[in-house]
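Comments concern the structure below.
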Amino acid sequence: MTFPNPKLSRRHLLAASAAVVVAFSAASCTRGESPTPVPTPGGHRPSPSDPWRPVAHLTAEKNWLNDPNGLVYHAGTYHAFYQYNPRGNSWGNMSWGHSTSQDLVHWEQQPVAMEASLEEEVFSGCIVMDKDNASGLGSAETPPMVAIYTSAYGKNGPLPQGSQAQSVAFSLDDGTTWKKYQGNPVLNLAPTNNNFRDPKITWYEPGHYWVMTTVVADAQVVKLFKSTDLLHWEYLSDFSGVGAQGGLWEVPELLHMDVADSTTKKWVMLLSINPGGIAGGSGMQYFVGEFDGTRFTAENAAATDAPLNESQWLDHGADYYAANSISGAPGDKPVLLGWMGNWDYAQDVPTTPWRGSMAIPRELTLVRGAKRLELRSAIARVAHETLNHSGEVKSKNLTVGSSTMDLGPDFSGRTQVIELDMDLTSAREAGVLLRQSSASKDGLRISYNRESGGIRVDRSKAGTSNFSEKFSPFHEVAVPSPGSKVHLTILLDSSSVEVFAPVGTAVISDTFFPDWDNTGASAFSIEGETDFTVQSRSL
Ligand code: FRU
């Protein structure tokens with residue numbers, strides 16, 4: 001199969017108010033330790049000519065990126081490799097780009113790690129440190145960094161054009177240069193290798209072997225394999241027949257996690273689905289269960305014909321996909337990096353010379369919910385500490401009654417972290433408008449409804465959206481026990497927002513493309529009064 005038109009080929013290939021202000025208490029401003037804005041790699045800051053450039057999220061200086069790949073922490077450095085087109089600003093020539101970070105907020109772009117050739121494109125995969133040199137690809141003194149990726153074969157490859165199989169590459173210089181293994185591919189599903197991709201590896205301590213999860217994407221099957229040397233892989237089992245089925249299953253991962261406040265551990269399967277996600281288009285579901293060394297069995301999983309909201313979702317926004325964990329990351333919680341994109345419109349978004357950004361890294365906790373075990377998400381500790389050391393903190397207490405109130409210049413901006421406490425003492429709904437236009441008063445609307453417990457992000461009047469009919473207008477998730485009080489953590493970064501519900505029960509990650517001049521911020525309260533405490537730190 002050749003891919004002359006990246007868009008078509010990808011689809012083909014991947015199947016593919018009476019304003020009454022009741023009270024207002026004066027603003028209190030505290031100086032942060034470092035009042036300077038976050039410096040960005042290459043000095044990139046949003047500007048009128050590059051208005052949607054994030055400052056606290058990984059982007060490539062130029063060109064297209066999608067899935068994070070090969071996430072590994074090694075010798076004090078976080079490495080993110082990712083699906084990257086070195087030659088253009090849309091999907092194609094899939095290669096592994098590379099960026100590094102010390103704090104998960106500031107990223108330095110490195111040379112392309114593995115570039116597409118006529119023979120193969122380098123699709124998604126993972127990296128592990130082979131510390132005992134079990135693969136023999138390094139030495140005892142210089143253990144190799146081993147990447148397992150999907151070879152998407154073009155002309156003159158070892159498998160027919162259009163096949164996908166798993167291959168190995170290794171680095172002996174901490175991820176700077178890569179050599180492909182001569183015996184590639186190391187794993188295929190002969191006689192057919194259609195849509196067989198996205199290897200991710202986890203160490204299975206009881207059996208002393210590596211376990212790889214992969215997918216046959218269009219069959220909605222996760223396939224598990226094991227190996228002791230990362231080169232020879234033995235089939236273990238299939239996982240299928242539960243959860244959302246409305247699209248391709250992609251980028252699976254098995255995580256072994258502590259259950260909070262207990263001595264129990266459980267296995268969690270992360271799985272991306274496209275289309276068929278909870279917010280439309282691409283989304284990420286997860287399953288909690290047991291893994292016995294051979295087979296993963298999900299517990300309390302939604303049936304395949306169940307409504308989508310019975311499945312468990314990592315994010316309820318439209319732009320969180322292909323997230324996977326950073327191998328070897330310090331701490332006892334998985335740290336995930338996800339792509340802030342949706343295949344429904346990612347190739348049409350109006351950014352240039354770059355397209356695609358990663359989400360803020362998150363850490364996951366597994367807790368007992370009302371009916372079943374659930375994941376909770378928080379901004380990864382290292383990233384949160386970094387964000388907490390940037391900019392200046394401004395805070396304000398105010399009460400708003402059935403009206404919209406300008407928060408004033410201290411709270412306006414394009415890039416900020418906001419801690420928002422709202423007590424809807426008598427209001428039905430309350431929230432904030434960000435990136436607001438001074439003329440029309442439209443903006444990104446983030447709201448909470450006391451009765452339904454629904455947190456909603458409405459991007460329908462937040463900026464340009466005429467690039468795609470599939471750019472969905474708003475996304476909503478209900479908090480488990482609605483009440484009058486709610487706390488939201490909001491990360492606003494030029495062209496994206498990530499809204500964390502109380503105690504991380506849910507996240508809404510959305511991209512949006514506001515006018516450069518729209519920087520206003522307001523608080524609103526509908527049908528009654530709301531007490532607000534707004535704390536903002538500019539980035
Ligand atoms: C997920 C995905 C993967 C594939 C990669 C290609 O977004 O479709 O399944 O490996 O992107 O870029």
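Index from 1, following the sequence. First listed ligand is number 1; within each ligand, the first listed atom is number 1.
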Quiz item: Can a non-hydrogen atom of Trp339 be found less than 4.0 Å from any atom of ligand 1?
Solution: no

Quiz prompt | Ionic contact status for Lys155 with Glu119, cut-off 4.0 Å | solution = no

Quiz item: Hey, does the Lys NZ or Arg CZ of Arg362 hover above the aromatic six-ring of Tyr320, less than 6.0 Å from the centre and inside 45° of the axis?
Solution: yes

Quiz item: When you look for heavy atoms under 4.0 Å from ligand 1, do you find them on the side chain of Ala322, its backbone, both, or neither?
Solution: neither

Quiz item: Which bit of Val215 gets closer than 4.0 Å to ligand 1, counting heavy atoms only: side chain, backbone, both or neither?
Solution: neither

Quiz item: Between Tyr321 and ligand 1, does any nitrogen or oxygen pair lie at a separation below 3.5 Å?
Solution: no

Self-check item: Greater than 12 external heavy atoms within 6.0 Å of Asn156's CG
Solution: no

Quiz item: Which one of Asp67, Leu65, Asn195 has a non-hydrogen atom at the shortest distance from atom 11 (O) of ligand 1?
Solution: Asp67

Taking distance alone, no hydrogens or angles, what donor-acceptor pairs closer than 3.5 Å link side-chain atoms of residues 302-309 to residues at least two apart or in another chain?
none

For residues 288-301, dump all side-chain donor-acceptor pairs below 3.5 Å to protein atoms at least two apart in sequence or in another chain.
unit_1, atom_1, unit_2, atom_2, d
Glu290, OE2, Lys266, NZ, 2.9
Asp292, OD1, Thr294, N, 2.8
Asp292, OD1, Arg295, N, 2.7
Glu299, OE1, Lys266, NZ, 2.9
Glu299, OE2, Lys266, NZ, 3.2

Exercise. Identify, by atom number and element, the atoms of ligand 1 in contact range of Gln83, meaning under 4.0 Å from any of its heavy atoms.
Key: 5 (C), 6 (C), 12 (O)

